[in-house]
Amino acid sequence: MTKEQGGSGGWTAGRKGVLSRWRFTSLRLRLVVVFALVALTAAVSASGIAYWLNREAVLTRAQDAVLRDFRQEMQNRAGTLPVHTTQDRLQHTAGQMAGSSQRFSVLLVGQDTDGRTVYASSGGLSGFSLEDVPVSLRTAVDKEQSLSSSNKSPYHLYWQRVTVHGTPYLVAGTKVIGGGPTGYMLKSLEPEAKDLNSLAWSLGIATALALVGAALLAQAAATTVLKPVHRLGVAARRLGEGRLDTRLRVSGTDELADLSRTFNNAAAALEKRVADMAARDEASRRFVADMSHELRTPLTAITAVTEVLEEELEFEGGGIDPMIEPAVRLVVSETRRLNDLVENLMEVTRFDAGTARLVLDDVDIADQITACIDARAWLDAVELDAERGIHAQLDPRRLDVILANLIGNALKHGGSPVRVSVRVSGGGEPSGAPESAGEREPGAAPGATAEQGAQIVIQVRDHGPGIPEDVLPHVFDRFYKASASRPRSEGSGLGLSIAQNNAHIHGGDITAANSPDGGAVFTLRLPRDASALTGDGAEGDGRHGAGAAGNAKGGAR
């Protein structure tokens with residue numbers, strides 16, 4: 001890997017880590033969002049209440065000051081005017097009233113000596129007019145109230161807030177008691193509105209700062225709370241990967257510390273249990289291997305004796321007493337069966353210990369099957385449907401073990417004829433014509449034309465009663481017998497298990513099923529180039545497994 005590639009990969013991994021922490025379903029993001037929502041709700045509520053209280057206080061204070069000044073001006077100035085006055089005097093009084101400390105506009109409505117209605121505005125002809133006063137306010141001002149113990153005045157001061165072209169105003173009006181002009185006042189509330197806008201902006205900024213602060217506090221709290229959880233997740237993943245010595249650093253006395261202690265205790269107990277199981281498993285494998293090796297020496301001598309006895313049985317007019325001949329034949333048969341069992345046990349031990357290796361070679365599948373059938377004298381009982389020229393990179397000895405077990409199992413427990421068919425899956429049909437060295441794909445076997453990933457599919461079908469449904473899941477189990485009433489059989493109960501292991505070491509598999517037309521079907525799938533999946537296997541000991549190859553008696557059925 002180049003330096004640039006490493007930097008890019010690190011940046012990508014870092015970005016994925018950040019995104020995983022901030023994905024929608026992450027606890028960190030949800031915690032920050034909850035904190036932010038709570039802070040936002042609290043800040044908006046507090047800001048809204050503060051704004052509303054300040055707004056009412058500011059407007060009420062300004063309004064009370066203006067109305068108090070307007071009432072005083074109406075009493076001191078408009079109240080001195082006669083009931084019938086002139087336009088000029090009315091105009092002069094309006095100007096005096098507008099010159100008060102509050103600087104509001106004034107409109108006076110009175111009657112002259114001729115009984116005509118006259119108007120006087122402090123702003124002149126283009127100033128404050130009667131049209132600027134809401135009708136409802138004028139109606140309330142002109143209405144005479146009934147006198148009572150609770151109402152000592154027939155006329156009152158009324159006010160109303162209005163907005164004209166976006167600018168807020170305070171409009172008020174009253175009538176002089178005892179006869180006289182009606183006065184109206186117009187005061188702009190724009191300064192107070194500006195103050196309130198400034199207050200709103202300040203509260204908005206404070207709310208935003210509170211939201212940011214809450215998010216930062218939430219992030220800090222999430223980091224503090226979730227860091228132990230993250231460490232626990234990493235430790236759990238490492239423990240799941242088989243690193244049983246993984247432990248968490250425990251600090252504090254809170255619930256997370258208790259969780260870390262519980263994890264450490266569980267990891268320690270799991271490590272101890274796995275170690276005990278591994279030790280027992282290793283002792284069991286060593287016992288089987290040692291027992292098998294120890295049995296081979298006496299079996300070699302016994303086998304030589306039984307071969308001599310078997311020759312005597314086959315010799316006409318031999319010296320074997322007819323009374324003991326059945327016993328001799330039983331000894332020969334059981335000795336052969338015991339020898340096969342020992343060889344199979346040694347093969348299983350190698351699989352369990354992981355020491356089984358492939359010795360790959362270019363194999364013509366049709367020739368390999370034919371050789372397997374011919375070596376065991378099964379030509380009359382087996383039908384072969386396979387084209388010549390289908391080549392694959394496989395271990396010939398282990399392929400022979402698989403074929404011998406599958407075909408032998410079909411002949412023993414199924415029914416003749418046994419049909420063996422071969423096809424190529426995933427790489428097209430092969431061509432039997434040899435190809436030149438320049439046309440051959442790199443790493444492909446001579447004559448192979450399958451693409452990488454192609455499989456060799458070999459089906460072995462018999463015409464027997466088939467496999468019971470309750471037996472199908474166990475056909476590849478070791479020492480499994482389909483019938484408890486037949487505890488003794490010629491098979492060791494390991495044949496199909498060894499075949500399955502040999503398929504697995506190639507990167508393939510074997511499946512068992514019942515054909516709709518009757519009989520059992522075993523399907524073997526092997527990669528066309530096992531070296532691409534298993535790597536360069538070290539050359540195994542060719543002597544071992546010979547007994548397994550010759551053992552065609554699976555114990556599954």
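- Looking at every heavy atom in both residues, P168 comes nearest to A193 through CG-CB, 3.8 Å.
- One finds the CH2 atom of W159 at 16.0 Å from the NZ atom of K187 (value rounded to the nearest 0.5 Å).
- G508 approaches P527 most closely through the heavy-atom pair N-CD, 4.0 Å.
- Of all non-hydrogen atoms in A392 and I456, the two that sit nearest each other are CB-CG1, 4.1 Å.
- Listed here is the closest heavy atom pair of V363 and L394: CG2-O, 3.9 Å.
- Using a distance-only test at 3.5 Å, with no hydrogens or angles considered, a donor-acceptor pair links the side chain of H506 to the main chain of D395.
- Under the side-chain contact (heavy atoms from CB on, under 4.5 Å) criterion, A50 pairs with N54, L203, not counting sequence neighbours.
- Checked by atom type and distance alone, the side chain of Q500 pairs as donor or acceptor with a backbone atom of I510 at under 3.5 Å.
- Using modelled atom types, one finds a donor on one side chain and an acceptor on the other under 3.5 Å when comparing Q63 with R161.
- The line from CG of L270 to CE of M277 is 9.5 Å long, rounded to the nearest 0.5 Å.
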Could you walk me through whether R55 and E192 pass the side chain to side chain contact (heavy atoms under 4.5 Å, CB included) check? CA-CA 9 Å; R55 179 179 181 275; E192 287 76 12; over 6 Å; no
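- Closest heavy-atom contact between T523 and R525: CG2-NH1, 3.4 Å.
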One pair to check against side chain to side chain contact (heavy atoms under 4.5 Å, CB included): L406 and L496. What are the steps and the verdict? CA-CA 7 Å; L406 294 182; L496 290 180; 3.8 Å; yes
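- For the salt bridge (Lys or Arg N to Asp or Glu O under 4.0 Å) test, no residue two or more places apart in sequence or in another chain qualifies with D509.
- The minimum heavy-atom distance between I402 and A503, with the atom names listed, is CD1-N, 3.7 Å.
- For E56, the CD atom is densely surrounded, since the number of other residues' heavy atoms within 6.0 Å is greater than 12.
- Residues L170 and V162 are not in side-chain contact: their nearest non-hydrogen atoms beyond the backbone lie 4.5 Å or more apart.
- Residues V471 and E469 are not in side-chain contact: their nearest non-hydrogen atoms beyond the backbone lie 4.5 Å or more apart.
- Counting only distance, with no hydrogens or angles, the side chain of D400 and the backbone of P396 share no donor-acceptor pair below 3.5 Å.
- Although no hydrogens or angles enter the test, the distance criterion places a donor-acceptor pair under 3.5 Å between the side chain of T246 and the main chain of R243.
- Between the CZ atom of R423 and the CD1 atom of I458 there is a distance of 11.0 Å, given to the nearest 0.5 Å.
- Distance check, rounded to the nearest 0.5 Å: CG of L196 to CD of E190 gives 12.0 Å.
- In terms of modelled atom types and a separation under 3.5 Å, the side chain of R528 and the main chain of H391 share a donor-acceptor contact.
- Pairs of residues two or more places apart, or lying in two chains, that qualify as side-chain hydrogen bond (donor to acceptor under 3.5 Å, both in side chains) and include a residue from residues 258-275 are R247-E271, D258-R261, K272-D276.
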Could you walk me through whether L524 and F522 satisfy the side chain to side chain contact (heavy atoms under 4.5 Å, CB included) test, starting with their C-alpha distance in whole Å, then the side-chain angles of each, then the deciding distance to 0.1 Å, before giving a yes or no? CA-CA 7 Å; L524 168 66; F522 285 82; over 6 Å; no
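- For L232, the side-chain contact (heavy atoms from CB on, under 4.5 Å) partners two or more places apart in sequence, or in a different chain, are L248, L259, F263.
- Taking the side-chain contact (heavy atoms from CB on, under 4.5 Å) definition, one finds that A43 meets it with T207, A210, sequence neighbours left out.
- With Q393 as the fixed residue, the side-chain contact (heavy atoms from CB on, under 4.5 Å) test singles out one of D361, D362, L526: D362.
- Annotation: side-chain hydrogen bond (donor to acceptor under 3.5 Å, both in side chains) contacts involving residues 194-205, sequence neighbours excluded, are absent.
- The side-chain heavy atoms of R419 and D385, taken from C-beta on, include a pair separated by under 4.5 Å.
- For the pair R398 and I505, the minimum side-chain heavy-atom distance is below 4.5 Å.
- For the pair N514 and V521, the minimum side-chain heavy-atom distance is 4.5 Å or more.
- In this structure, the side chain of N405 does not engage the main chain of A499 through any donor-acceptor pair within 3.5 Å.
- Looking at heavy atoms from C-beta onward, V457 lies out of side-chain contact with V422 at the 4.5 angstrom threshold.
- Put simply, CD on Q455 and OG on S425 are 5.5 Å apart, with the number rounded to the nearest 0.5 Å.
- N409 is not listed as a side-chain neighbour of V460, based on a closest heavy-atom distance of 4.5 Å or more.
- At a threshold of 4.0 Å, the pair K412-D462 does not count as salt-bridged, since none of the basic side-chain nitrogens sits closer than that to a carboxylate oxygen.
- Counting heavy atoms from C-beta on, the side chains of S188 and Y169 come closer than 4.5 Å.
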Step by step, work out the side chain to side chain contact (heavy atoms under 4.5 Å, CB included) result for S515 and R461. CA-CA 8 Å; S515 174; R461 177 189 172 188; 3.6 Å; yes
